[in-house]
Asks: 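Have a look at this one before I ask anything.
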Amino acid sequence: MSYDFLKIEKKWQDYWEENKTFECKNDYTKPKFYALVEFPYPSGQGLHIGHPRPYTALDIVARKRRMQGYNVLFPMGWDAFGLPTENYAIQNKIHPAKVTKDNVEHFKRQLKNIGLSFDWSREVNTTDPAYFKWTQWIFIQMFKKGLAYKKEMAVNWCTSCKVVLANEEVIGGECERCSGEVVRKVKSQWMLKITEYAERLINDLEEVDYADRIKASQINWIGRSTGAEVDFDTTIGYKLSVYTTRPDTLFGATYMVISPEHPLIDEYSDKLENADEIFKYREDAMKKSDFERTELNKGKTGVELKGINAINPVNNKEIPIYISDYVLMSYGTGAIMAVPAHDTRDYEFAKAFDLPIVEVVSGGDISEEAFIDCDTGIMVNSDFLNGLAVEQAKEKIIDWLKENKKGEPKVNYKLRDWVFSRQRYWGEPIPIVHCDKCGYVPLDEKDLPLELPDVDSYEPTDTGESPLATLESFINTTCPKCGGAAKRETDTMPQWAGSSWYFLRYTDPHNSEELASKEALKYWMQVDWYNGGMEHTTLHLLYSRFWHKFLYDIGVVEDKEPYARRTSHGFILGENGEKMSKSRGNVINPDDIIGEYGADTLRLYEMFIGDFEKTAPWSTASVKGCKRFLERVWGLQDILIDGETYREEIETSMHKTIKKVGEDVEVLKFNTAIAALMSLINDIYATKAINQAELRTFLLLLYPFAPHIAEEIYERSGFSGMADEQSWPEFDESKCTENTIEIAIQVNGRVRNRIVVAADIDKDNVIDLAKSDEKIAKEIAGKTVIKEIYVPGKLVNIVAK
RNA sequence: GCCGCUGUGGUGGAAUAGGCAGACACAAGGGACUUAAAAUCCCUCGGUCGAAUAGACCGUACCGGUUCAAGUCCGGUCAGCGGCACCA
């Protein structure tokens, strides 16, 4: 009987579906485990070979947890709003809902072919009105709390997608999705005040178990810095505030710079002697995209504000003010004090405009470059700060600023509010109307969901308006507050909206009264283990933490943080080590691999390919190794003998492997767990037999990794019940070590021989044995032994001179 | 520039908390079986010297240090990957 994987896999997949094997119990008395993988965007291309890697990993965890007695929630759904679907719909003149439905079906079939143990009864879809009703509901709650607001602002506009992008979606001046050119455009946009949560988003990372690299990049992205806001008087009476992280260098501030958008320019244009020149500079700067403005190695440009000077508060010296595009309106106050001696950019600007450079921290050579080092410098040319170290000077100057009412300590963040509107069709409609009398008014909650209307054309418009804006019947409505005529918001939400809370919906997906019941949320949350891509660290992961914290604040959820543990997988690259893509011609289709080698082989290979957290190149040749292993597993049936306890010659191997596999799964070392199973099967074949007790344990260890073959052999061997209902095997620590061990004997750190000794031998005995060994005796003859080291179970080192 | 990560055989990768480097695989070579091929099984497989499965030396990007002992710790250098980037 050969290993007919196609037949076996089909058989068990059908069985699991018919018997609803993986639907989790609504038994809230059992211990729970919530395993979560990021739900995919169901693109037209179908499943990518990268998808099964994280899915299989948590499938292994989920299956193991079920065997360990947990009530496991391992759900799956669809993050289905999005541009590719909309674009496909436009090109092919099919409704995006239909495209979505087809793609979902395709994805679902592919996922089922991998044998993942998802609870499909809890499937969610972000484009389902019954789902996005609650996305809209959350938005309205945010609006009511003042966290959603509309603002006229310069935004990132993708000229190709014809849509506004969040800062997070702009990569090196290009659109994250289509690589199209991104320019600045002033538009009125819905914004979410994520900045209000910046501090908590950093601080609460201490409460969760995320991989360090994930925490680090979130902290980096939020970009907290501490310093002071300092007020400078000007010769026209305007108070010019700046933010600085180096208030200690205040005596070195020899000029100031404001950003081109700074309100001072319009307010006091009549005082400017060179207003024309300044307005011209501003116009040029506004035309450029953020990327152009911040492009590397660009020389500093700017124009002096003639007719206005600033006054340095610490020494009352008059200093000039410049306008320059290296100062951004969106950070701090949009103005800076320039300390050229101790800031690289200011240094560069001062050199270009021949401005004075005054050293206030000694220790560098300011004739060569700005001196930045805060740790070693001593204050000079700074009156009452002279002689202090930088840190002391910071404290002292802040005290001085407070006393003299010239400034105060201040914390700043790089994080900006989240641009939340998109001018596209295929997204959640924003449930707000604009009434001339009442302003922006949210829909009544009983009128949710606000569904997408049917339109003839989903085409984006060059005017920057949503396709919905052309639909009079949709736009014109009545104000929920006053009943008067009002107009609907026509922008839709970004793709990140639906994924910001989907993990909550899984706990109670069919609830029509609430986003999920209190009991379900209380029982299932937090997510115990969430795995997803590194690329979502500063987008989805941060956004969903923000939403969850908001829901915590309004009493919907009980935990401050949604995810107790977050891990990240590496990408799978093409065989040539490059990113897989159609244009490179190195795409591997999971369906092909399953057809040729089977789902169990695919699962095993994706886990065996390398360190789970690192990228790994695909190798079809190596897939065969995993297939061979499963063939050998199948072959165990031919050498099966009777026996209800482990045979002596294999006992230690059995116990060691149970321990190793169990531990490795918990720390993402799936590759070495599989290696351990391979070693065990090699040991078993070396004995030319396997007994029933051994086979049963082996199958249970294999089951989470390769469930179809494990279940099949389990059944054929006549063991009771199903593999997935059995308890995870246990090991006996005392049986994990051999009775006798081989230890290495080193002389002066070099291995000279190996001897076999009893495992529990003591130091004196083993060293006597080592020294009496013929080779070792020869090595140390005529020398004085200085030191004798015994590392139990490993080696002896004799140091001799 | 800043933050994070990585550097080990022909390849993917192992190596608890400093203790025998190269587990487990892939590829390659040799052999068995076969009319033949595939599959399977057995053997070899870091380098140099060597007839050797005797033995010795070298070897975890590079230079140095700590230690009885370093892939692992410390200091420095180089290379690559990812992220951020005129953030004051």
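Every chain is numbered from 1 and lettered A, B, ... according to where its sequence line falls, protein lines coming before strand lines. As the structure is a prediction and not an experimental result, all values here were calculated from the model.
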Asks: If the condition is side-chain contact (heavy atoms from CB on, under 4.5 Å), which residues does Pro320(A) pass it with, not counting sequence neighbours?
Replies: Tyr255(A), Glu304(A), Asn309(A), Tyr322(A), Leu355(A)
Asks: Please collect all side chain to side chain donor-acceptor pair (under 3.5 Å) contacts where either partner lies in residues 608-618 of chain A, sequence neighbours excluded, each pair once.
Replies: Asp611(A)-Lys614(A), Trp618(A)-Thr620(A)
Asks: For His540(A) and Glu38(A), does a side-chain donor sit closer than 3.5 Å to a side-chain acceptor?
Replies: no
Asks: Using heavy atoms to find the nearest nucleotide of RNA chain B for Lys414(A) and Ala676(A) separately, return the residue whose nucleotide is more 5′.
Replies: Ala676(A)
Asks: Taking side-chain contact (heavy atoms from CB on, under 4.5 Å) as the test, write out the residues that go with Lys669(A), two or more places apart.
Replies: Asp664(A), Val667(A), Asn671(A), Thr672(A)
Asks: Go ahead and write out RNA chain B as dot-bracket, 5' to 3': ( ) for pairs within the strand, [ ] for ones crossing earlier pairs, | when the partner sits on another strand, dots for unpaired; Watson-Crick or G-U wobble, both distances under 3.5 Å.
Replies: (((((((..(((......[....))).(((((.......))))).((((.....))))..(((((..]....))))))))))))....
Asks: Under the rule for side-chain contact (heavy atoms from CB on, under 4.5 Å), what residues qualify as partners of Asp638(A), not counting sequence neighbours?
Replies: none
Asks: Among side-chain atoms of Thr301(A) and Tyr281(A), is any donor-acceptor pair under 3.5 angstrom?
Replies: yes
Asks: Just say parallel, tilted or perpendicular for the rings of Phe571(A) and His569(A), cut-offs at 30° and 60°.
Replies: perpendicular
Asks: Please confirm whether the shortest side-chain N or O distance from Thr344(A) to OP1 or OP2 of G1(B) is below 4.0 Å.
Replies: no
Asks: Taking only the C1' atom of each, what is the distance from G10(B) to G65(B) in whole angstrom?
Replies: 34 Å
Asks: What is the per-nucleotide protein-contact pattern of nucleotides 7-18 of chain B, from the 5' end, where B denotes a base atom under 4.0 Å from a protein heavy atom, S denotes such proximity for sugar-phosphate atoms only, and - denotes neither?
Replies: -----BSSS---
Asks: List in chain and number order the residues that pass side-chain hydrogen bond (donor to acceptor under 3.5 Å, both in side chains) with Arg213(A), two or more places apart in sequence or in another chain; answer none if no residue qualifies.
Replies: none
Asks: Output all residues satisfying salt bridge (charged side-chain N to carboxylate O under 4.0 Å, His left out) with Glu408(A), sequence neighbours left out; order by chain, then residue number.
Replies: none
Asks: Once hydrogens and angles are ignored, does a donor-acceptor distance under 3.5 Å link the base of C26(B) to the side chain of Lys624(A)?
Replies: no
Asks: Just to verify, what does Thr652(A) make a side-chain contact (heavy atoms from CB on, under 4.5 Å) with, not counting sequence neighbours?
Replies: Lys656(A), Glu738(A)
Asks: Return yes if a side-chain donor-acceptor contact under 3.5 Å exists between Asn412(A) and Ser225(A), otherwise no.
Replies: no
Asks: Listed by chain and number, what are the salt bridge (charged side-chain N to carboxylate O under 4.0 Å, His left out) partners of Glu742(A), not counting sequence neighbours?
Replies: none
Asks: Which letters describe nucleotides 65-71 of chain B, given B = protein heavy atom under 4.0 Å from base, S = only from sugar-phosphate, - = neither?
Replies: ---B---
Asks: Please enumerate all protein N or O atoms sitting under 3.5 Å from an N or O of nucleotides 36-46 of chain B, with distances to 0.1 Å.
Replies:
from   : atom 1 : to        : atom 2 : distance (Å)
C41(B) : OP1    : Arg632(A) : NH1    : 3.2

Asks: Just label G9(B) as syn or anti from its O4'-C1'-N9-C4 or O4'-C1'-N1-C2 angle, using within 90° of 0 for syn.
Replies: syn
